[in-house]
Amino acid sequence: MTNLFEVNSSDTTKEQFDTLLKTKTLHIEKITSNGQVSDEWYEQKRDEWVVVLEGEGSILFEEEKRSVHLVKGEYIHIPKMKKHKVTYTSAPTIWLAIHFT
């Protein structure tokens with residue numbers, strides 16, 4: 001897949017993760033969601049910068065007990081080890097996630 005805006009619809013019952021580039025210090029992935037949400041809290045070992053390319057989604061942060069709603073073009077930095085989960089995605093939502101150290 002070489003187009004960021006192309007929806008990965010190989011299995012719409014689960015999120016699709018497509019690695020675009022991966023090195024020791026950087027991981028860039030495209031995530032396609034179709035209404036999926038997180039059951040578990042994410043607590044990642046790397047910082048994450050994420051932008052919504054298509055659709056919309058909400059991320060809940062455990063410590064602040066607040067949710068951030070992102071629409072097309074909006075982005076957020078999630079510091080490493082900050083507990084968060086996705087509580088809403090439209091169908092489809094395309095995220096570009098950059099994980100870095």
Side-chain angles (χ1 to χ4, degrees):
M1 188 173 302
T2 59
N3 186 325
L4 288 176
F5 300 102
E6 184 178 325
V7 174
N8 182 339
S9 57
S10 60
D11 183 355
T12 59
T13 64
K14 59 183 181 177
E15 282 188 308
Q16 301 297 307
F17 296 86
D18 296 301
T19 295
L20 306 179
L21 176 70
K22 190 169 186 175
T23 70
K24 289 181 182 181
T25 59
L26 180 71
H27 182 199
I28 301 173
E29 65 183 344
K30 180 176 125 180
I31 306 165
T32 305
S33 306
N34 286 286
Q36 289 87 5
V37 296
S38 307
D39 294 327
E40 307 276 329
W41 290 99
Y42 293 113
E43 192 171 17
Q44 298 159 320
K45 295 180 181 178
R46 292 181 168 190
D47 282 272
E48 179 179 9
W49 182 88
V50 64
V51 61
V52 175
L53 300 177
E54 188 64 51
E56 57 187 286
S58 295
I59 302 171
L60 175 65
F61 293 94
E62 184 187 52
E63 281 184 12
E64 293 106 28
K65 296 185 178 25
R66 69 176 176 96
S67 185
V68 175
H69 187 79
L70 302 170
V71 297
K72 184 176 181 175
E74 294 182 327
Y75 58 88
I76 191 168
H77 171 246
I78 304 170
K80 66 182 176 183
M81 305 309 290
K82 186 172 186 111
K83 284 189 175 181
H84 64 284
K85 66 165 89 175
V86 176
T87 57
Y88 169 77
T89 61
S90 62
T93 298
I94 301 173
W95 311 81
L96 179 67
I98 301 174
H99 305 270
F100 57 96
T101 53

Completion exercise
For Thr87 and Ser67, the nearest pair of non-hydrogen atoms, with its separation, is OG1-OG, 4.0 Å
Fill in the blank from the handout: Applying salt bridge (charged side-chain N to carboxylate O under 4.0 Å, His left out) to Lys22 and not counting sequence neighbours gives none
Problem - Residues in ring-ring contact (aromatic ring centres under 6.0 Å, His included) contact with Trp49, at least two apart in sequence or another chain - result: Tyr75
For residues 89-100, dump all side-chain donor-acceptor pairs below 3.5 Å to protein atoms at least two apart in sequence or in another chain.
| from | atom 1 | to | atom 2 | distance (Å) |
| --- | --- | --- | --- | --- |
| Thr89 | OG1 | Gly35 | N | 3.0 |
| Thr89 | OG1 | Gln36 | N | 3.1 |
| Thr89 | OG1 | Gln36 | O | 2.9 |
| Ser90 | OG | Glu56 | N | 3.0 |
| Ser90 | OG | Pro92 | O | 3.4 |
| Ser90 | OG | Thr93 | OG1 | 2.9 |
| Thr93 | OG1 | Glu56 | N | 3.4 |
| Thr93 | OG1 | Glu56 | O | 2.8 |
| Thr93 | OG1 | Ser90 | N | 3.1 |
| Thr93 | OG1 | Ser90 | O | 3.0 |
| Trp95 | NE1 | Ser33 | OG | 3.0 |
| His99 | NE2 | Glu29 | OE2 | 2.9 |

Handout entry: Qualifying residues under side-chain hydrogen bond (donor to acceptor under 3.5 Å, both in side chains), relative to Asp11, sequence neighbours excluded
Key = Thr13
Practice task
Enter the distance from Asn34:CG to Asn8:CG here, rounded to the nearest 0.5 Å.
Solution key: 9.0 Å
Practice task
Quick one: which residue pairs count as a salt bridge (Lys or Arg N to Asp or Glu O under 4.0 Å) with a foot in residues 90-99, not counting sequence neighbours?
Solution key: none
Exercise for the section: Supply the atom-to-atom distance Ile31 CD1 to Thr19 OG1, rounded to the nearest 0.5 angstrom. Expected result: 9.5 Å
Practice task
For side chain to side chain contact (heavy atoms under 4.5 Å, CB included), just list the numbers for Ile59 and Ile78, CA-CA rounded to whole Å, side-chain angles, deciding distance to a tenth of an Å, and then say yes or no.
Solution key: CA-CA 10 Å; Ile59 302 171; Ile78 304 170; 4.3 Å; yes
Fill in the blank from the handout: Taken in chain and number order and not counting sequence neighbours, the residues that satisfy side-chain hydrogen bond (donor to acceptor under 3.5 Å, both in side chains) with Ser38 are none
Problem - side-chain hydrogen bond (donor to acceptor under 3.5 Å, both in side chains) involving Lys85 - partner list, sequence neighbours excluded - result: none
Handout entry: By ring-ring contact (aromatic ring centres under 6.0 Å, His included) - contacts of Phe61 (at least two apart)
Key = none
Exercise for the section: List in chain and number order the residues that pass ring-ring contact (aromatic ring centres under 6.0 Å, His included) with Tyr42, two or more places apart in sequence or in another chain; answer none if no residue qualifies. Expected result: His84
Handout entry: Side-chain heavy-atom pair His77, Pro79 within 4.5 angstrom cut-off
Key = yes
Handout entry: ILVMFWY clustering at 4.5 Å (side-chain atoms), partners of Val71
Key = none
Practice task
Just grab all the salt bridge (Lys or Arg N to Asp or Glu O under 4.0 Å) pairs involving residues 71-81, residues at least two apart or on different chains.
Solution key: Glu54-Lys72
Practice task
Determine, stepwise, if the pair Leu20 / Leu4 fulfils side chain to side chain contact (heavy atoms under 4.5 Å, CB included).
Solution key: CA-CA 9 Å; Leu20 306 179; Leu4 288 176; 3.5 Å; yes
Practice task
Determine, using the 4.5 Å side-chain heavy-atom cutoff (strictly less than), whether Phe5 and Val50 are members of one ILVMFWY cluster.
Solution key: no
Practice task
Please identify each residue that fulfils salt bridge (charged side-chain N to carboxylate O under 4.0 Å, His left out) with Glu64, with sequence neighbours left out.
Solution key: Arg66, Lys82
Handout entry: Linked, directly or transitively: Val86 and Phe17 (ILVMFWY side chains, under 4.5 Å)
Key = yes
Problem - Sub-4.5 Å side-chain heavy-atom contact between Leu60 and Trp41 - result: yes
